[in-house]
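Here is the structure we will look at.
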Amino acid sequence: MSRPPLRPLNEMTLTFPALSENERFARLAVSGFLSVLDPNISELSDIKTAVSEAVTNAIVHGYRDTAGEVMMQVRIFKDSRISIKIQDKGCGIPDVEQAMTPLYTTSPEEDRAGLGFTIMETFMEKIKVKSKPGKGTTVILERTVQGKKRL
Amino acid sequence: MSRPPLRPLNEMTLTFPALSENERFARLAVSGFLSVLDPNISELSDIKTAVSEAVTNAIVHGYRDTAGEVMMQVRIFKDSRISIKIQDKGCGIPDVEQAMTPLYTTSPEEDRAGLGFTIMETFMEKIKVKSKPGKGTTVILERTVQGKKRL
Amino acid sequence: MIKILTTGGVTLAELSGDLDHHTARLMRTDIDRELAEKHPRRLVIDFSSVTFMDSSGIGLIMGRYRIMNEQDGEVIVARPPAYIKKVLRLAGVDRLAPITDDLRGLIPKDIFKEKEAEKIEQTAPQTT
Amino acid sequence: MIKILTTGGVTLAELSGDLDHHTARLMRTDIDRELAEKHPRRLVIDFSSVTFMDSSGIGLIMGRYRIMNEQDGEVIVARPPAYIKKVLRLAGVDRLAPITDDLRGLIPKDIFKEKEAEKIEQTAPQTT
Ligand SMILES: Nc1ncnc2c1ncn2[C@@H]1O[C@H](COP(=O)(O)OP(=O)(O)O)[C@@H](O)[C@H]1O
Ligand SMILES: Nc1ncnc2c1ncn2[C@@H]1O[C@H](COP(=O)(O)OP(=O)(O)O)[C@@H](O)[C@H]1O
């Protein structure tokens, strides 16, 4: 798969405080912004699920002990390629590889299943995770939207 | 009417390039974010219309000759008071009072009706406009949401 | 989105979806082309399927009013939903273009026949 | 949102709306209270009205599985829509909690009678 070209056709950046009620709003904003690509139900559901995982992680883990802002940036490139960046300035992840292991979670007592990263990897084509303890975490999710018309 | 208290209960900030296709997205984001207040159809329609006017003005007038970013911030305060700020860093308005006169428009050739500010004033309870030629324009819209349950 | 049909000197423009600055530009192009080609004496704009409208809709009506008025024609604003009426009233649109909740008598009967014929032709929905 | 009913040792939890971290916390509280009070031998979670689910739904099922398993009870995942099945499969939920598209035989018949009675009582829709 080739890298997306540098200039997006359209983009939006959203910031909101790390409140769990904003998880739903983040999904809504993503599907609203991508509606111009006319995604089919299955890919829209995949994208919303992946975004929900990343935003929830920022709220639940990133800002576990603190308040803070979550940033989400959605970009649309040529040929319906999309890139979604979710960023927090929270506690960060000491070992990203370990964190991405299926079923690994640091919050089992809160009914976290340890499957957030697994879902992001499965439902998107590409995932990049940058994190630094004490500085925060950035997750970049990428994929192509086929859309209804082109199926 | 009393001033809204200083700390919002929730807020979101959205930025997007001044493309006309984003007018729809801005309305969608506002109604999605305010859905927790359960606004009735009539107030939701009023708020969406006022927001649409301010965002369209930023795109049509503010960035008439240039590209740029539109910022929209929505805040929810106690007792369902809301405040919506729409900001551009475009050309600015030389005479705000004149601009706010009903039917006044600098773009009649583009079928602008000169009623944007009139609609914002009528459909919201309070409007503040700050503008500086060459620097940009900030519009702040405020009102209370009654909601379905409280009617 | 927009569907346009002219019969017997009457142009019926059926608008649907959100009517804002972005979509008004697309609708305007289609309506003005039809007016220039067919020279109707009456333009009926049907708002019954419009889901949102801001002052761009007022601009759309006023601009069409100016064109029709030049050739001694009229513009009728038909079947606006309640939230659109609010904007229309605020703009005082009815002083220039009458607002009606009923299409009967305003458009020739055979416009409906043509619409039926068109429906059978169109298998896929039209996109703008 | 959630509606819970227990009859004949079976608890039926009907979930609706989006199931994410935010709503899962509310649902969990209600389910766990019912389990602690009624000690059912079977918990049937009905997903047919769930409009979205992420891994928080898996956590909700797994947590309830642990509670039920301790008291030798079982959890059944009923009527999940297609997009939810995808998440369930990925998590391998069916190894612990059977997934079914049919409620018949799983819950006592009189649970439906109670539901009817409740419907008549409730004039306004319940909110959580
Ligand atoms: N934004 C983040 N900030 C800090 N830690 C994180 C973040 N995202 C993930 N993690 C860590 O990675 C682990 C695995 O994440 P994930 O696969 O999403 O499972 P879960 O959220 O169910 O724990 C989390 O338990 C947490 O320790
Ligand atoms: N964000 C803005 N930047 C620059 N000029 C603006 C802006 N908003 C409004 N104006 C000026 O104010 C005038 C009146 O605005 P408005 O009442 O919304 O009517 P309209 O948009 O139909 O022209 C505009 O024609 C324009 O000259």
Side-chain angles (χ1 to χ4, degrees), chain A residues 16-31 39-64 70 86 99-100 102-124 141, chain D residues 1-2 13 15-33 35 43 45 47 49-70 75 77 80-97 127-128:
Chain A
F16 49 84
L19 303 172
S20 63
E21 64 197 83
N22 290 331
E23 292 155 12
R24 189 175 159 275
F25 174 61
R27 295 194 296 273
L28 204 139
V30 166
S31 33
N40 61 58
I41 296 174
S42 156
E43 35 189 27
L44 188 60
S45 155
D46 287 0
I47 295 165
K48 278 166 65 181
T49 310
V51 164
S52 197
E53 298 295 347
V55 169
T56 301
N57 277 353
I59 294 171
V60 173
H61 304 299
Y63 297 114
R64 199 187 333 249
V70 180
I86 290 107
M100 293 182 77
L103 302 176
Y104 176 86
T105 179
T106 49
S107 308
E109 77 289 353
E110 285 171 55
D111 276 350
R112 302 307 303 157
L115 289 169
F117 279 124
T118 311
I119 284 180
M120 290 182 244
E121 283 190 287
T122 312
F123 287 7
M124 302 293 281
L141 304 168
Chain D
M1 273 184 299
I2 180 164
L15 313 183
S16 61
D18 283 11
L19 204 181
D20 61 10
H21 159 251
H22 181 70
T23 58
R25 285 195 298 183
L26 308 169
M27 293 171 179
R28 174 172 71 169
T29 310
D30 286 2
I31 296 176
D32 289 359
R33 190 192 302 116
L35 298 185
L43 168 64
I45 312 181
F47 285 83
S49 300
V50 174
T51 46
F52 169 85
M53 186 182 99
D54 64 16
S55 74
S56 309
I58 305 298
L60 183 76
I61 298 170
M62 294 309 196
R64 283 350 97 215
Y65 169 79
R66 276 191 289 272
I67 295 173
M68 290 303 289
N69 197 41
E70 264 173 32
V75 175
V77 173
Y83 47 88
I84 290 183
K85 270 193 184 148
K86 208 168 161 181
V87 179
L88 294 171
R89 259 199 303 270
L90 184 145
V93 159
D94 49 335
R95 273 172 291 155
L96 303 176
T127 48
T128 37

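Note on naming: letters A, B, ... go to the chains in the order of the sequence lines (proteins, then strands), and numbering restarts at 1 for each one.
Ranked by heavy-atom pairs under 4.5 Å with chain D, the first of A/Arg112, A/Arg24, A/Glu53 is A/Glu53. When each of D/Ile61, D/Ile58, D/Asp20 is checked for heavy-atom pairs under 4.5 Å with chain A, D/Asp20 comes out on top. Annotation: maximal heavy-atom pairing with chain D below 4.5 Å, among A/Thr118, A/Thr56, A/Ile59, occurs at A/Thr56.
Distance check, rounded to the nearest 0.5 Å: CD of A/Glu23 to CZ of D/Phe52 gives 9.5 Å. How far CD1 of D/Ile84 is from CG of D/Leu19: 7.0 Å, rounded to the nearest 0.5 Å.
Heavy-atom neighbours of A/Arg27 CZ from other residues, nucleotides or ligands within 6.0 Å: above the threshold of 12.
Residue contact with chain D, scored on non-hydrogen atoms closer than 4.5 Å, is absent for A/Asn22.
Taking the charged nitrogens against the carboxylate oxygens, D/Asp32 and D/Arg64 do have a contact shorter than 4.0 Å, which makes a salt bridge.
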